[in-house]
Amino acid sequence: MAIDSDKKSKKKNKIKSEGDHKRKLQDTQDLQAVVETKKDKKKKKKEEALSDGSVLNGSDDKISSKKIKKNHEEAEKIDGSVQDCVGEVRESNEGIVVSGKDVNDSKFRPLKSFEEAGLPDEVLECCKTFDKPSPIQANSWRFLLEGRDFIGIAKTGSGKTLAFGVPAIMHVLNKKKNQTCKRLNPQCLVLSPTRELAQQISDVLCDAGKPSGVKSVCIYGGTSKGPQISALKSGVDIVIGTPGRLRDLIEMGVCYLKDVSYVVLDEADRMLDMGFEPEVRAILNQTNSVRQMIMFSATWPVSVHQLAQEFMDPNPVKVVVGSEDLAANHDVMQIVEVLEDRARDERLVTLLDKYHKSRSNRVLVFVLYKKEASRVETMLQRRGWKVVSISGDKAQHARTNALSLFKDGSCPLLIATDVAARGLDIPDVEVVINYSFPLTTEDYVHRIGRTGRAGKKGVAHTFFTKENKGLSGELINVLKEAGQVVPAALMNFGTHVKKKESKLYGAHFKEIDANAPKATKIKFDSDDED
Ligand code: AMP
C-alpha cells in the first residue's frame with residue numbers, strides 16, 4: 001500500500017513538474033509571441049515608412065529628401081521602441097513572472113522610474129529616498145492604479161508595503177475627490193497576521209500618507225482598545241489590523257468597513273497557517289462588495305489559492321518575484337551543526353562568545369516555542385548576556401520595546417519565535433542562530449533571510465537534532481543549492497524528501513478539488529496572534 005501510494009505520488013509529481021515545465025514553456029512562448037507580434041507590426045510600419053519615402057523620392061527631390069529623413073527618424077524611433085519593448089519583457093522576465101488578463105498591454109509596462117507613474121508629488125514623497133521602484137513596485141503600481149485585483153508572491157524586504165501602499169493612498173485620494181460630505185469611514189483595509197507586521201505596515205503608511213493627508217490606524221490585540229476606538233471614531237482612511245482584534249471591534253460596532261473598497265491581505269499564507277481563515281472570511285464579508293482585492297503571500301499553498309478564487313476577480317494579475325524554488329539567500333553562509341538537544345544551551349553560549357564578542361553587532365536567535373524564548377532569555381541573562389526577546393506571550397508593549405531596543409542597537413541580542421522570522425525588516429543582522437530548527441524548511445529559509453540583506457554577507461548557524469531528522473533531506477537540498485557544506489552527521493539522517501513538489505508554490509497550478517477534505521490545523525505551544 002505504502003509503495004503504491006509512493007508510486008502514485010511520484011507519478012503525480014512527475015505530471016505536475018511536466019505541467020509546470022509546459023506552462024513555463026507556454027508562458028515564454030506567449031511572451032515571445034507578444035514580442036514577435038509587436039516587432040512584426042513595428043517592422044511593417046517601419047517598412048511602410050521607408051517605402052513611402054522611396055515612392056516620394058521619384059516625384060519631388062526636395063520634399064522627398066525631407067520626408068525620407070523624417071521617415072528614417074521615425075524608423076529609428078520604431079526600432080528603438082521595439083528594443084525597449086524587448087528589453088522590458090526581458091527585464092520583467094528576470095526573476096519576475098507576470099501573468100493574467102491583458103498583462104502584456106503596453107499600458108501595464110513595468111515602471112522604470114517613480115515619475116513615470118505620474119502620481120502627485122505629495123504621494124511620491126515617501127519614495128524620494130529610493131532610486132527607482134523595486135521590481136514588485138515596478139510591476140504592480142500600474143495594475144493597482146487601474147483597479148485590478150492582484151496577487152503578489154513576494155516576501156517582506158521586496159518593497160511590497162509601498163507596492164500596495166502607494167496605490168492605496170491614491171485610492172483614498174480619488175474617492176475623496178469624488179465625495180461631497182466629509183467621509184469618516186475607512187476606505188482601505190490591510191490585514192496582517194502578526195502585530196509586529198501590522199505595526200510595521202502602519203508606520204510606513206502613516207508616513208507615506210502624511211503629505212497628502214491620508215490617515216491610517218493600526219488595530220491589533222494585546223493592547224488597550226481605547227486609543228484604537230478613538231482613532232476609528234475620529235475618522236481614518238486606512239485600517240491596518242490583525243484579524244482577531246479587528247473582528248472584536250467590528251462586533252462591538254466601532255469598526256465599520258462597508259466603505260472599504262481596497263483590501264490587502266498581507267502574508268496571506270501565514271494568516272491561514274495561523275488559523276485565521278474564519279476571521280479573514282468574516283472580515284472580508286464586512287467590506288464593500290465592490291472592492292479591489294490584493295493578496296500578498298510569500299508562498300502559494302492551496303488554501304491561499306482557494307481564498308483568492310473565492311474573493312477575487314476571476315482574472316487577477318499575478319506577479320511572482322524571485323525563484324519558484326525553495327532557495328536560500330546565497331549571501332548567507334549556512335553552518336549546520338548536529339548535536340544533542342541538551343547540549344544546545346552550552347553551545348549557544350560558546351557561539352555567542354564567538355559571534356557576539358563585541359556585544360554591539362546584531363545577533364538574532366530563533367527558537368520554536370514562546371516558552372522556549374523566555375527560558376533561553378533567562379538562561380542567557382543569568383550568564384551575564386544583555387538580551388531581549390519577542391514572542392507571542394509577551395505583552396505587546398514589551399514586544400514593541402524589545403524590537404526597538406534591538407533595532408536601535410541598545411540591545412543587539414534578540415531571541416525570537418517565528419513571529420519575527422517573516423515580515424520584519426531589521427537592518428544589519430550579522431548572525432542568525434537557529435537554537436531550534438523550525439517546523440518547516442521554508443521557515444528555515446525565511447529565518448536565515450533576516451541576515452545577508454542589502455548586499456551584505458551574513459552567517460546562519462543552525463542546531464539540528466535527531467528530533468528534526470524528518471527535515472534533513474529538504475535541508476540538505478537547500479544547503480546544496482546554495483553551495484554550502486553539508487555535514488556528514490546531517491547526511492546520516494538521510495536525504496529523503498517527503499514532499500517532492502515545491503511546498504513554496506506546489507499547488508500553484510493544480511486544479512483545486514472543492515470537495516477535498518480540509519486539513520485541520522494542529523496547534524502546538526507556539527505563538528498565537530490576535
Ligand atoms: P517591505 O518589503 O515593504 O518590508 O520593504 C523592505 C525595505 O525596502 C524597507 O526598508 C523599505 O524602506 C525599502 N524599500 C521600499 N521600496 C524601495 C525601493 N524602491 N528601493 C529601495 N528600497 C526600498
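Whatever order the structure lists ligands and atoms in, that order sets their numbers, starting from 1.
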With atoms numbered from 1 as shown, which atoms in ligand 1 lie under 4.0 angstrom from a non-hydrogen atom of F114?
19 (N)
Determine whether the side chain, the backbone, both or neither of K132 has a heavy atom under 4.0 Å from any heavy atom of ligand 1.
backbone
Quick one: does V365's side chain get under 4.5 Å of L413's, heavy atoms only?
yes
Proximity of F164 to ligand 1 by residue part, where a heavy atom lies under 4.0 Å:
neither
Which is it for D331 and K457 under the salt bridge (Lys or Arg N to Asp or Glu O under 4.0 Å) test, yes or no, and what are the steps along the way?
CA-CA 5 Å; D331 284 333; K457 300 278 175 207; 3.0 Å; yes
Got a sec, which residues hit side-chain hydrogen bond (donor to acceptor under 3.5 Å, both in side chains) with K107, two or more places apart in sequence or on another chain?
E146
Has ligand 1 got any nitrogen or oxygen that is less than 3.5 angstrom from a nitrogen or oxygen of G159?
yes
Step by step, work out the salt bridge (Lys or Arg N to Asp or Glu O under 4.0 Å) result for R245 and E279.
CA-CA 10 Å; R245 173 59 62 89; E279 282 85 354; over 6 Å; no
Pull out every atom of ligand 1 sitting under 4.0 Å from any heavy atom of T161, numbered as shown with elements.
1 (P), 3 (O), 4 (O)
Suppose we screen for side-chain hydrogen bond (donor to acceptor under 3.5 Å, both in side chains). Which residues come up paired with Q199, at least two apart in sequence or across chains?
Y220, Q396
